[in-house]
Structure formats: C-alpha cells, structure tokens
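The figures that follow rest on heavy atoms only: side chains count, while hydrogens, waters and symmetry mates do not. Chain identifiers are assigned alphabetically (A, B, ...) following the order of the sequence lines, protein sequences preceding nucleic acid strands; residue numbering begins at 1 within each chain.
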Number of protein chains: 2
Amino acid sequence: MELIAIGEIIRERRKSRKVTQDDLAEIAGISIRTLRDIENGMGNPELETLVKICHALGLEIKVEVIK
Amino acid sequence: MELIAIGEIIRERRKSRKVTQDDLAEIAGISIRTLRDIENGMGNPELETLVKICHALGLEIKVEVIK
DNA sequence: AAAAAATAGGCATTTTATTGCCTATTCACT
DNA sequence: AGTGAATAGGCAATAAAATGCCTATTTTTT
C-alpha cells in the first residue's frame, strides 16, 4: 500500500462520484490542500486524514495478512 | 477502521510472533515510544509509520469499498 | 518471593503533516 | 477560441506526530 496508490484510489472514486476536490475536502472535514497532496501521492498523511476521506467516499481502510 | 482496532491487530500479531515492542520497533525502523502509543490506541499515526509496522509483521493496509 | 524483562506513560524537543494564501496551469462547457 | 471552473504546487505559519529520556508498573522467569 503506497501513497500514490491510495491517492489514485481516492481520485478515481471521487471522480466516479462526480465530486470536486473542494467539495470532498469540505465533506471530509479537511483542507483542500491536504486532499490535493494525497491525491497526487505527496506527503505522508495521518491515518485519521485518510479515514475521513475514505469515509466520505464510502471506502474503508483495512489491515490484512499478506498472502 | 479505528485507531484502537489497528493497535490491537498489531499487538496480537506481534505477540503471536513472540516479538517484543523493542524488537518490532527496531525492525520497523520506528521508535518504541511511537509503537507503544499505536498499540495502545493513542495518537494518530502517519500512514508511513503504520506501513512500516505492518510490513514488519507481514500485514498489509488496504482500501476497500464499504459494502 | 525475588530478579529481570517488558510494558506504560509523563514531558520536552524535534520533526513533519496540515493549513491558508497565493498564482499558474489545465480542463470543461458554450 | 474564450471563459469560468477545477486542479496544481510554492511557501510560511500552525498543529500535531515522532522521538528520547525518565521513572513506574506489570508480566515473566528462575
């Protein structure tokens, strides 16, 4: 699970929902600046930040055993 | 996915591997202080920190659609 | 029961994510 | 092509995570 991968997942999901970065950031309760960085694979977000975004998109973060 | 849940998953996995916090922290490349906080559900770790720990334990962080 | 090992958490410091403000660039629509 | 919306990213300030040092408590081992 890399940053860029999460960013892409979030971006695709957001676009499929036809939501702007601005709207998603507001719904998730984070700044658009942070959302932008995450979608572009920059930085190293806090778990809570990711959870907020994912929740706003109907996504969930899970921990699984590597097979 | 809540903090306390991740902490418990990590702790259980670590114990099943018979590894101490000290050892796991060193293997993961983070401080024992941070690992301790995460296992006890305190704080709000960075994604990279979680990834390091999970990797050291053969665990993976995933994003899934909520059913 | 005693000793050693492991875990817990307070606190100050350092490092880094988040944020806001700004302008530039790209995209979508008429 | 032109216009407005959306996205991108630099930079400084702020907020918060990570770390190190310390002692206390709990757990394990002998």
From [atom1] of [X] over to [atom2] of [N], roughly how many Å is that when rounded to an integer?
X: B/Leu47; N: D/dA18; atom1: CG; atom2: C1'; answer: 15 Å
X: A/Leu35; N: C/dT19; atom1: CG; atom2: P; answer: 10 Å
X: B/Glu48; N: D/dA18; atom1: CD; atom2: C1'; answer: 12 Å
X: A/Met42; N: D/dT7; atom1: CE; atom2: P; answer: 16 Å
X: A/Glu46; N: C/dT16; atom1: CD; atom2: C1'; answer: 9 Å
X: A/Ile32; N: D/dG9; atom1: CD1; atom2: P; answer: 13 Å
X: A/Asp37; N: C/dT16; atom1: CG; atom2: P; answer: 16 Å
X: A/Ile38; N: C/dT16; atom1: CD1; atom2: P; answer: 17 Å

I need the [X] [atom1] to [Y] [atom2] distance, nearest 0.5 Å.
X: A/Ile30; Y: A/Glu48; atom1: CD1; atom2: CD; answer: 11.0 Å
X: A/Ile53; Y: A/Ile38; atom1: CD1; atom2: CD1; answer: 3.5 Å
X: A/His55; Y: A/Leu57; atom1: NE2; atom2: CG; answer: 11.0 Å
X: A/Lys62; Y: B/Ile6; atom1: NZ; atom2: CD1; answer: 12.5 Å

_I'd like to check the side chain to side chain donor-acceptor pair (under 3.5 Å) partners of B/Asp23; sequence neighbours left out, ordered by chain and number._
B/Thr20
_Contacts of type side chain to side chain donor-acceptor pair (under 3.5 Å), residue A/Arg13, not counting sequence neighbours_ = none
_For a 4.5 angstrom cut-off between non-hydrogen side-chain atoms, does B/Leu47 reach B/Ile61?_
yes
*Which residues, if any, of residues 23-30 of chain A bring a heavy atom under 4.0 Å of DNA chain D?*
none
*With a 4.0 Å heavy-atom cut-off, tell me which residues in residues 11-18 of chain A come close to DNA chain D, sorted by residue number.*
A/Arg11, A/Arg14
_Nucleotide of D/dA18, D/dT7, C/dA17 approaching B/Thr34 most closely (side-chain heavy atoms)_ = D/dA18
*Decide yes or no on side chain to side chain contact (heavy atoms under 4.5 Å, CB included) for B/Val63 and A/Ile10, but give the supporting numbers first.*
CA-CA 9 Å; B/Val63 176; A/Ile10 289 171; over 6 Å; no
_To the nearest 10°, give me the bend of the helix from C/dA1-D/dT30 to C/dT30-D/dA1, comparing the axes of its five terminal pairs at either end._
70°
With sequence neighbours excluded, what pairs up with [X] under the side chain to side chain contact (heavy atoms under 4.5 Å, CB included) test?
X: B/Gln21; result: B/Arg11, B/Arg14, B/Ile32, B/Leu35, B/Arg36, B/Glu39
X: A/Glu26; result: none
X: B/Ala56; result: B/Leu24, B/Ile27, B/Ala28

*Does A/Arg17 have any salt bridge (Lys or Arg N to Asp or Glu O under 4.0 Å) partners at least two apart in sequence or in another chain, and if so, which?*
none
_salt bridge (Lys or Arg N to Asp or Glu O under 4.0 Å) partners of B/Lys67, counting only residues at least two apart_ = B/Glu64
Between [X] and [N], does any side-chain N or O lie under 4.0 Å from OP1 or OP2?
X: B/Gln21; N: C/dA8; result: yes
X: B/Asn40; N: C/dG9; result: yes
X: B/Thr49; N: D/dA17; result: no

All N/O contacts under 3.5 Å from nucleotides 22-26 of chain D to the protein, with atom names and distances to one decimal?
none

*Given side chain to side chain contact (heavy atoms under 4.5 Å, CB included), test B/Leu59 with A/Val65 step by step and report yes or no.*
CA-CA 4 Å; B/Leu59 299 174; A/Val65 176; 3.8 Å; yes
*List the atom of B/Glu60, the atom of B/Cys54, and the distance in Å for their closest heavy-atom pair.*
N-CB, 4.4 Å
Contact list (N/O, under 3.5 angstrom) for nucleotides 3-5 of chain D vs protein:
none

